[in-house]
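See structure below.
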Amino acid sequence: MDDKFYMQQALNEALKALEEDEVPVGAIIVYQSKIIARSYNQVRRLKDPTAHAEILAITQAASFLNYERLNGCKIYVTIEPCVMCAGALILSRVDKLIYGASDNRQGAFGSLLDITKYKDTHHKIKVKSGILREESASLIQDFFKEKRSSLQ
């Protein structure tokens, strides 16, 4: 299975967030070509500002592996992770991050800032972006466009 297949699975998770009126971001974690975790943003549902798709997926994957390190894992996220999630990805030792669309306001892997450029981080994550970019971007852009129009 290729990156597009896995990113489509992350997009399916983002659609679950959309159904619950959450910011539509989805994430999956793959280990040895098997999806071991899947999640979507649940900040409002759980009343928890840290309940981002990436954080919830990391927790699931660590539980599945019965280990706090996600060595050998890839995470697929529809939107470029924020600084909080970037820190969690580094601490969990994920091998590779694949994301769909960039996030110029909060993205920590090249947009707002690039955490991979800090030479003193104890773990380097390989990063690939742009997989199903248009689908990922339009999902989140449409969500916020709808939110703005309902305020008027």
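- Cluster annotation: Val77 and Phe64 are assigned to the same hydrophobic cluster (Ile/Leu/Val/Met/Phe/Trp/Tyr, side-chain heavy-atom contacts under 4.5 Å, transitive).
- When atom types are taken as modelled, the side chain of Ser39 and the backbone of Leu56 share no donor-acceptor pair closer than 3.5 angstrom.
- Nearest heavy-atom pair across Ala108 and Ala86 is CB-CB, 3.8 Å.
- To the nearest 0.5 Å, the span separating CG on Asn41 from CD on Glu54 amounts to 7.0 Å.
- With Ile28 as reference, Ile35 is the one residue of Ile75, Ile35, Leu11 to meet the side-chain contact (heavy atoms from CB on, under 4.5 Å) rule.
- Looking at Met84 and Thr50, their side chains come closer than 4.5 Å, going by heavy atoms from C-beta outward.
- Note that the CD atom of Gln60 and the CG atom of Leu70 stand 11.5 Å from one another [nearest 0.5 Å].
- Between Thr116 and Lys124 the shortest side-chain heavy-atom distance does not fall below 4.5 Å.
- Crowding of Arg69 atom CZ: a count of heavy atoms from other residues, nucleotides or ligands under 6.0 Å exceeding 12.
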| field | Stepwise side-chain contact (heavy atoms from CB on, under 4.5 Å) test for Ile140 and Val23 | value | CA-CA 7 Å; Ile140 203 157; Val23 176; 3.7 Å; yes
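- Side-chain contact between Ser149 and Glu146: present, with at least one pair of heavy atoms (C-beta onward) separated by less than 4.5 Å.
- Ile55 and Leu46 are not part of a single hydrophobic cluster, where members link through side-chain heavy atoms under 4.5 Å apart.
- Expressed to the nearest 0.5 Å, how far NZ of Lys145 lies from CG of Asp142 amounts to 5.5 Å.
- Under a 3.5 Å cut-off, the side chain of Ser63 and the backbone N or O of Thr59 do not form any donor-acceptor pair.
- The shortest heavy-atom contact between Ala14 and Gly26 is CB-N, 3.5 Å.
- A salt bridge links Glu13 with Arg38; the closest basic N to acidic carboxylate O contact falls under 4.0 Å.
- Ala27 approaches Ala57 most closely through the heavy-atom pair CB-CB, 4.3 Å.
- Ion pairing between a basic and an acidic side chain is recognised when a charged N comes within 4.0 Å of a carboxylate O; Lys126 and Asp95 show no such pairing.
- Between Val30 and Ile36, the closest side-chain pair of non-hydrogen atoms is not below 4.5 Å.
- With values rounded to the nearest 0.5 angstrom, Ser138 atom OG is found 14.0 Å from Phe143 atom CZ.
- Linking Ile, Leu, Val, Met, Phe, Trp and Tyr whenever their side-chain heavy atoms come within less than 4.5 Å puts Leu15 and Phe5 in one cluster.
- Under a 4.0 Å N-O distance rule, the pair Asp21/Lys147 qualifies as a salt bridge.
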| request: Just do the side-chain contact (heavy atoms from CB on, under 4.5 Å) check on Arg93 and Tyr67 with the steps written out, would you? | output: CA-CA 11 Å; Arg93 309 278 203 294; Tyr67 190 57; over 6 Å; no
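- Among all heavy-atom pairs drawn from Ile98 and Met7, the shortest one is O-CE, 3.5 Å.
- Side-chain contact between Val43 and Glu22 is present, with at least one heavy-atom pair separated by less than 4.5 Å.
- A chain of hydrophobic side-chain contacts below 4.5 Å, direct or via other Ile, Leu, Val, Met, Phe, Trp or Tyr residues, connects Leu113 to Ile90.
- The closest side-chain heavy-atom distance from Pro81 to Leu89 is below 4.5 Å.
- When the side chain to side chain donor-acceptor pair (under 3.5 Å) test is applied to Arg45, the partners found at least two apart in sequence or on another chain are Tyr40, Gln42.
- Around the OH atom of Tyr31, the shell of radius 6.0 Å holds no more than 12 heavy atoms that belong to other residues, nucleotides or ligands.
- When atom types are taken as modelled, the side chain of His123 and the backbone of Val94 share a donor-acceptor pair closer than 3.5 angstrom.
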| task | Decide yes or no on side-chain contact (heavy atoms from CB on, under 4.5 Å) for Ile131 and Tyr99, but give the supporting numbers first. | result | CA-CA 6 Å; Ile131 306 300; Tyr99 68 87; over 6 Å; no
| said: Between Ile58 and Ile29, is the side-chain contact (heavy atoms from CB on, under 4.5 Å) condition met? List the steps. | reply: CA-CA 8 Å; Ile58 288 168; Ile29 296 181; 4.2 Å; yes
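- Side chains of Leu65 and Cys73 form a contact here, defined as non-hydrogen atoms less than 4.5 Å apart.
- Pairs engaging residues 72-95 under the ring-ring contact (aromatic ring centres under 6.0 Å, His included) rule: Tyr6-Tyr76 [sequence neighbours left out].
- Taking the side chain as every heavy atom from C-beta outward, His52 and Val25 never approach each other to under 4.5 Å.
- Remark: the backbone N or O of Asp103 is paired with a side-chain donor or acceptor of Glu80 at under 3.5 angstrom.
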